[in-house]
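Counting from 1, the numbers follow the sequence of the chain as shown. Just so you know, ligand 1 is whichever comes first in the structure, and atom 1 is the first atom listed for that ligand.
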Amino acid sequence: MKFTTAGESHGKALVGILEGLPSNMPIDEDKINEYLALRQSGYGRGGRQKIERDKVVILSGVRNRLTLGSPLAFEICNRDYANWQSVMAPEGADVTQKRLTRVRPGHADLTGVIKYAQTDARNILERASARETAVRVAGGAIAMQYLSELGIEISGCVRNVCGVEDGNSYTFEQLAEAKTHPLFMLDESAERRAMELIDKLKAEGNTAGGIVEVRVKGLKSGFGSCMQYSTKLDAILCGAVMSIQAIKGVEVGLGFEAARRPGSEVHDEIFIKDNKIYRGSNNAGGIEGGMSNGEEIILRAAMKPIPTLMKGLKTIDYVTGEPTTAAGERSDVAAICACEIIVECVVACALAEVVSARLGGDNMTEVKERYDRLP
Ligand code: EPS
């Protein structure tokens, strides 16, 4: 399975191509659109989300709601393009408008203009923008449908917003409720404090990041491999999550905490009862030796604060070389709920690729039979 995306933030549309799906897999467009709407939701979002109403348009690879086994291409239109056509149109545009030269610290602007020999950071930010994550969510929502055919489910919640933490333990089933909360936080007291903090940061022209937790249930053991570094499941999943805009760290299971504890308080002891092997805990987060071990996969990702601050950080104008403050376009204050959805979807894509590489199978029945036969 292979997934490619294209599209600029204020261009005509975002486009995705998902190759390698088996045939005869049901595709539920409503579920894709549900995930797209969830990505747009959450407390702390900015003005752009009032313009966009993301909906997937499937262009190929599906007939009568079933995959054909051919590349599945789809698009999500940018409604904002109507306001940007004169600046962005591929067939001719006024590129003297909407120039961005006051490069933003923490964004791709400065390194991008140097690397791609541009004088206008718009030619960089349009692609570096987190708008691209809409198409990754649509692709991930399709990958989730593949995994769900095998009984593999993905869920998650927000754990921390700019230092306000929810440290409680939740079962996988409890996580489903998180998406009904304004900040996807299950601890209502922490969520209230986080919302107050977002209000305060907004008033200051500031932004917030946070930590999300995403878990996978129902994945059998043995996915990924201990035989070659590039095939290790933790490396693949963490690499995929790190590829999301603004992600600065990923943990598996206990993560960094494992380094602070002795071995006896980290490694999950193994037991057997009624001929069934199980572990007494899941500090490994479901992955040992680069392979799934049959327990829940537990990942946490840290998102840095959004780098477009209304109050503008110190920078230079790249063209004049003069010190100035960074461009402050309209911006989200926090996009941590979007981040949670995106991490789920990116994990779904990466995992579907690993699962399909092991199982193969040209049609969904064949794939299911092969999965069911695994121990
Ligand atoms: C983004 C800047 C903002 C966000 C955008 C990501 O866009 P604009 O400059 O148009 O206001 O709203 O995110 C989305 C549009 C989206 O759908 O998530 C950035 O610079 O990364």
- Where is the tightest heavy-atom contact between Phe3 and Val135, given as atom of each residue plus distance? CZ-O, 3.4 Å

- Query: How about Ile297 and Leu219: do any of their side-chain heavy atoms sit closer than 4.5 Å?
  - Reply: yes

- Please confirm whether Arg48 comes within less than 3.5 Å of ligand 1 when only nitrogen or oxygen atoms on both sides are compared. yes

- Message: Does Glu52 form a salt bridge (charged side-chain N to carboxylate O under 4.0 Å, His left out) with Arg39? I'd like the steps, not just the answer.
- Response: CA-CA 11 Å; Glu52 303 299 343; Arg39 191 199 71 93; over 6 Å; no

- Item | Inter-residue atom distance Leu66.CG - Met25.CE, 0.5 Å rounding | 10.0 Å

- Task: May I ask you to check if ligand 1 and Ser9 share an N or O to N or O distance below 3.5 Å?
- Result: no

- Query: Between Arg45 and ligand 1, which residue portion shows a heavy-atom distance shorter than 4.0 Å: side chain, backbone, both, or neither?
  - Reply: side chain

- Message: With respect to Ala130, determine whether any N or O atom, backbone or side chain, lies less than 3.5 Å from an N or O atom of ligand 1.
- Response: yes

- Which of Val214, Ile247, Ile342 passes side chain to side chain contact (heavy atoms under 4.5 Å, CB included) with Val241? Answer is Ile247

- Query: Under 3.5 Å between some N or O of ligand 1 and some N or O of Arg131?
  - Reply: yes

- Query: So is His10 polar-close to ligand 1, meaning N/O to N/O under 3.5 Å?
  - Reply: yes

- Query: Should the proximity of Gln40 to ligand 1, defined as any heavy atom under 4.0 Å, be assigned to the side chain, the backbone, both, or neither?
  - Reply: neither

- Query: Do side-chain atoms of Ser292 reach the backbone of Lys220 as a donor and acceptor pair under 3.5 angstrom?
  - Reply: yes

- Under a 4.0 Å N-O cut-off, is there an ion pair linking Arg193 with Glu196? no

- Please say whether Thr308 places an N or O atom under 3.5 Å from an N or O atom belonging to ligand 1. no

- Within a distance under 4.0 Å of any heavy atom of Arg39, pick out the atoms of ligand 1 and give their elements. 16 (C), 17 (O), 18 (O)

